[in-house]
Structures are given as structure tokens and as C-alpha cells.
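Working notes, beginning with the structure itself.
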Amino acid sequence: MDITFTRFVSALRNADVRASPAETLVAFDALRQVGVRDPELLRDALSLTLAKTRAEKQRFAETFERFFHQLAFREPAKRTFLRGANPDDLLTKLDGRVSPGLLATIEDVLRDERDDLAVRVQQAGEAAGVHAIRTLREKAGVADAIGRALALNELDGALAAGGGLDGNEETLLRYLRQYFRQQIRDYVDAQYRLHVDPTGKRALVDAALKSNLDQLPLAYRDDVRRVVEKLAERLARDHRKRRKRAQRGTLDIKRTIRSNVAYDGAIFDLRWRRVVREKPTVFVLCDVSNSVARVARFLLLLLYELTDLLPNIRAFAFSSHLGEVTDVFTDRPSEEAIEEALFLWGKGNTDYARAFLDFRELCGAELSRRSTLIVLGDGRNNYYDPRPDLLEELSRRCRQTFWLNPETRDQWREGDSEMRRYAPHCTTVATCNKLRDLERFADRLLATTL
């Protein structure tokens, strides 16, 4: 039961029910108190200890239902096929031609006694490692292993040999072969969804994350947004630890000696020299025209999830004219603020020179060696004068300038792209059209600004 309960908690976590180790221990105590005889009492007791919000309680109930109820052979065989032949005659003809285990399996289905069969399938699944499945590719191998454990391959030999089977009996045997394999596949798929992909969308979302963000279907936007939020949380946690270690500085001998006088010279309390650093300001200029808007959405979301580490972020959006959208993010939820920024400033033909002029008028005097400038755009200027001298002037005032381009370098020579003229004035120009590109950039930004 301990192993089963541990797997149940793992399935809850996969279903986004946040069960902490402490809550799991409390749930173990509740399990010992209520036992497993009354399913409803067990469900209510575990729900009180493991699920907190209304959404979590709903996901808990769905996971409990799928986990603790029969998962194998839930669908009965179709009566139309079973009525086409005499079960006793078929079992008599198969006796001696197939193994006793397979004969018992067929008899269970013919008499609609699926409980014992479900137990055998689940035992075969345990032996085949059904709970260890982590990828879609492993599902077929586990299903084949369960089929071999039930000796289903012997059905092929029985059908090939014939041996006195009439037309109805042969049709029934073919149907049973298909029925067994389909039920086993459904069982393995249910286990995969329970332990790896509870929503049935994770594999699709993973595939979407590996594709370009500007080609991401709208149906997956919320899922990817949650991935970006978790990514930002992990980056913040890692760099917060790194900053804490880096800020310790060098050992302050005098303060250390004074702090340890009470210990007769034994050093217990170390004191470090503190260096107060001025917080950097990050200026983000996002091209929000149609060609770049989807990438801009996730970049802004990622940066604003990192505001604990980068509190001084000022965001600007442009297609032709440029405007500041920092206050929009301050007053509203990030997703709503991003949509408003894209709506307000995503109109008109893209003009980088006009945007750089507007930015210089708004913030030119505030740029310093503690400033970081980030430009997100494809560099396509609609054949207007690109004015690379403006970017050179802005970059010279800043400590570092990053340009994130959704297009690859081989596209810079096509059409109205001006990236070859802008690139020399940037500290780094990076291709940024996938989530891992955003992660790599954010990691470097935190490492260079903190």
C-alpha cells in the first residue's frame, strides 16, 4: 500500500496538485486511520490533506477516480460477436492448442468476468514497468510485453492453423485478438496519462515548445505561458543563490574577531565585507508588429516574472512610433498588460529609426554604464532609412546591448532586413525564436547584470 500511495501522490503532482512532503506525511496518517474499505471516506480524507484550492480538489477527484478504479478491460466485449459462436465449443477446440493461461483469458472474456483478467493485466504491467514509462515511444514496448505475458501471440498461431474452426468461431477469435490488444493499449495509455501526461496535452505542448514561438498555435498559448512562468521561477531561484554567494565578498578580519571575542578566540561567526551595488536598469524595446508579436509576448512575460531580481525594468513597444508600457504592467496582470501593449503599439509599418528617435527623446539622458538595452525585432524596416547611427549612439551610452532576432542569420540578406547594419553596434545578436533561446538569453542577462 505504501508503494501504491506513493505512486498516487506522484500522479497528483503530475496533475498539478501541489502536494508537499509534509502534506504527504499527513495524508499517510489519514490513510492509516480510515483504511481502504470505504472508497468515499478514503477519497474525502485524502482530499482534505492533499488538495487545497477548488481547482486542485477537482483535479484530485479526477485523478483519484482514474487511479483507484479498474483501468484494464473496462469495456466489455461486444455481444454481437459473442453470440455468433458457441463459447463452450470454441473453448473445447482451443483446449490443447493454446496455453492454459490464454484459454483462461478467453474464457473470462466470453463469460464477461473481467475482474480477474484486469488483475492479471495489471500484474503483467507491473512486471513490464508500466509505471516507469516516461516517453511516448515506450508505450508500444510495454503493451507488447503485456501481450506476451498473456500469451496473446498464440492467437495468431491458432488462427493460422484453423483446425476445425467454423466461420463464426474464426471471426470471433479474430475479434478477440483485436479486443485484447486494444484493451491493453488503452490500459497502457491510461497509465501514461496518469503518471506522465494527465491532461493528454503534454506531448503536444512539448512538441510545440520545440517549434518556433511565432508558429505556436493559439490553443497552446496558456500552456506555454505556464511553462514560461515556471522557467522564470527556476531562473530566479538559481540566480538568487548565486547572488547570495557572490555578495559575501571578502572576509572582514576586524569584525570577525570582535564578533568572536565571547568564544575565547574560536571562530564561529564569520563576517564579510559588503559591497553595495547600484541596481541596474534594463530597457526593453519590443517590435510588436505581426511578424514578431508572439515572440515579444513571451519575452515580456519572462522578464516581468524576473522583477524580483531585475526590479528596474522599463518596457517599450513599437511598430512605427514607440511608447512606454511599463505602467501598464505595473497596474494589470502580465497577460492582460501584454495584450494591451500589443494592441496599442502594434499598428502601422515598422520603422526602427523612428522608434530609436522616440526612445532617445524619452530616455536618452537616463542611459548610463549601469544600463542594459534589449532590442527584440527582426530588423525589417520596410525600406525606410534604418539610421544605424542612432543605435550606435544608444549602445555607446549603455553597458551592453542585446539584440534578439526571431530570424536566423541566413535570412538577414533577404528583402528589407537591415540586421547587417545594426549588428556591429550590439554587444550580442542572438537568434531567439524558441523557448530555450529565451531561457538561454535570460540566464545570460541575469549573469551579466547582477
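- From Glu418, atom CD reaches atom CG of Asp385 across 8.5 Å, with rounding to the nearest 0.5 Å.
- Between Asp29 and Arg32, at least one side-chain N (NZ, or NE/NH1/NH2) sits under 4.0 Å from a carboxylate O, which counts as a salt bridge.
- Contact of the Leu367 side chain with the Phe283 side chain is registered, since non-hydrogen atoms from C-beta on lie closer than 4.5 Å.
- Proximity of a side-chain donor or acceptor of Asn260 to a complementary backbone N or O of Asp269 within less than 3.5 Å is detected.
- Judged by distance alone, with hydrogens and angles left aside, the side-chain atoms of Glu366 form no donor-acceptor pair with the main-chain N or O of Cys363 at under 3.5 Å.
- Here CD of Glu62 is found 11.5 Å from CG of Leu12. Values are rounded to the nearest 0.5 Å.
- Shown here for Ser319 and Asp287, the closest heavy-atom pair between the two residues is CA-OD1, 4.5 Å.
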Chi angles and distances behind the side chain to side chain contact (heavy atoms under 4.5 Å, CB included) call for Thr350, Val292: CA-CA 11 Å; Thr350 305; Val292 194; over 6 Å; no
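- Between the side chain of Arg120 and the backbone N or O of Leu150 there is no donor-acceptor pair closer than 3.5 Å.
- Tyr352 and Phe318 have their aromatic ring centers within a separation under 6.0 angstrom.
- Atom OG in Ser47 sits 10.0 Å away from atom NZ in Lys52 (nearest 0.5 Å).
- To the nearest 0.5 Å, the span separating OG1 on Thr24 from CZ on Arg13 amounts to 4.5 Å.
- Other residues, nucleotides and ligands contribute over 12 non-hydrogen atoms within 6.0 Å of the CD atom of Glu414.
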Intermediate values then yes/no, side chain to side chain contact (heavy atoms under 4.5 Å, CB included), Asn405 and Thr431: CA-CA 5 Å; Asn405 194 327; Thr431 301; 5.8 Å; no
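- Here the side chains of Arg380 and Gln411 are in contact, with some heavy-atom distance below 4.5 Å.
- Residue pairs meeting the salt bridge (Lys or Arg N to Asp or Glu O under 4.0 Å) criterion with at least one partner in residues 174-184, sequence neighbours excluded, are Asp156-Arg177, Asp156-Arg181, Glu170-Arg174.
- Arg369 CZ: more than 12 foreign heavy atoms inside a 6.0 Å radius.
- Among all heavy-atom pairs drawn from Trp412 and Glu407, the shortest one is NE1-O, 4.0 Å.
- Lys254 pairs with exactly one of Asp252, Thr256, Ile257 by the side chain to side chain contact (heavy atoms under 4.5 Å, CB included) rule, that one being Asp252.
- Taking all atoms of both residues into account, the shortest heavy-atom contact from Arg360 to Leu394 is CB-CD2, 4.2 Å.
- Salt-bridge formation is not detected for the pair Arg440/Asp443: no Lys NZ or Arg NE/NH1/NH2 atom is positioned less than 4.0 Å from an Asp or Glu carboxylate oxygen.
- In this structure, the side chains of Thr63 and Phe8 come closer than 4.5 Å at one or more pairs of heavy atoms.
- A salt bridge links Asp358 with Arg354: at least one charged nitrogen is closer than 4.0 Å to a carboxylate oxygen.
- Under the 3.5 Å distance criterion, with hydrogens and angles disregarded, a donor-acceptor pair is assigned to the side chains of Arg185 and Gln182.
- Annotation: side chain of Tyr187 is in contact with side chain of Ile146 (closest heavy-atom distance under 4.5 Å).
- With hydrogens and angles left out, the side-chain atoms of Thr428 and Arg444 include a donor and acceptor closer than 3.5 Å.
- Asn382 places none of its side-chain heavy atoms less than 4.5 Å from the side chain of Asp351.
- Using modelled atom types, no side-chain atom of Thr401 and backbone atom of Cys426 make a donor-acceptor pair closer than 3.5 Å.
- Judged by distance alone, the side chain of Trp345 and the main-chain N or O of Leu322 form no donor-acceptor pair under 3.5 Å.
- Counting only distance, with no hydrogens or angles, the side chain of Ser395 and the backbone of Glu392 share no donor-acceptor pair below 3.5 Å.
- Of all the heavy atoms in Arg421 and Pro388, the pair that sits closest is O-CB, 3.6 Å.
- The two residues Ala27 and Thr49 have their closest heavy-atom pair at CB-OG1, 3.5 Å.
- Considering NE2 of His425 and CG of Asp389, their distance stands at 8.0 Å, rounded to 0.5 Å.
- In this structure, the side chains of Ile374 and Leu445 come closer than 4.5 Å at one or more pairs of heavy atoms.
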Intermediate values then yes/no, side chain to side chain contact (heavy atoms under 4.5 Å, CB included), Val284 and Leu376: CA-CA 8 Å; Val284 187; Leu376 173 67; 5.8 Å; no
Thr372/Cys398 under side chain to side chain contact (heavy atoms under 4.5 Å, CB included): CA gap, chis, key distance, verdict: CA-CA 6 Å; Thr372 295; Cys398 299; over 6 Å; no
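- Around CD of Gln178, the count of heavy atoms belonging to other residues, nucleotides or ligands within 6.0 Å does not exceed 12.
- Between Phe28 and Thr6, some side-chain heavy-atom pair lies under the 4.5 Å cut-off.
- Between atom CG of residue Asp437 and atom CG of residue Leu404 there is a gap of 9.0 Å, rounded to the nearest 0.5 Å.
- The shortest side-chain heavy-atom distance between Phe359 and Val375 does not fall under the 4.5 Å cut-off.
- The shortest heavy-atom contact between Asn381 and Pro386 is ND2-CA, 3.5 Å.
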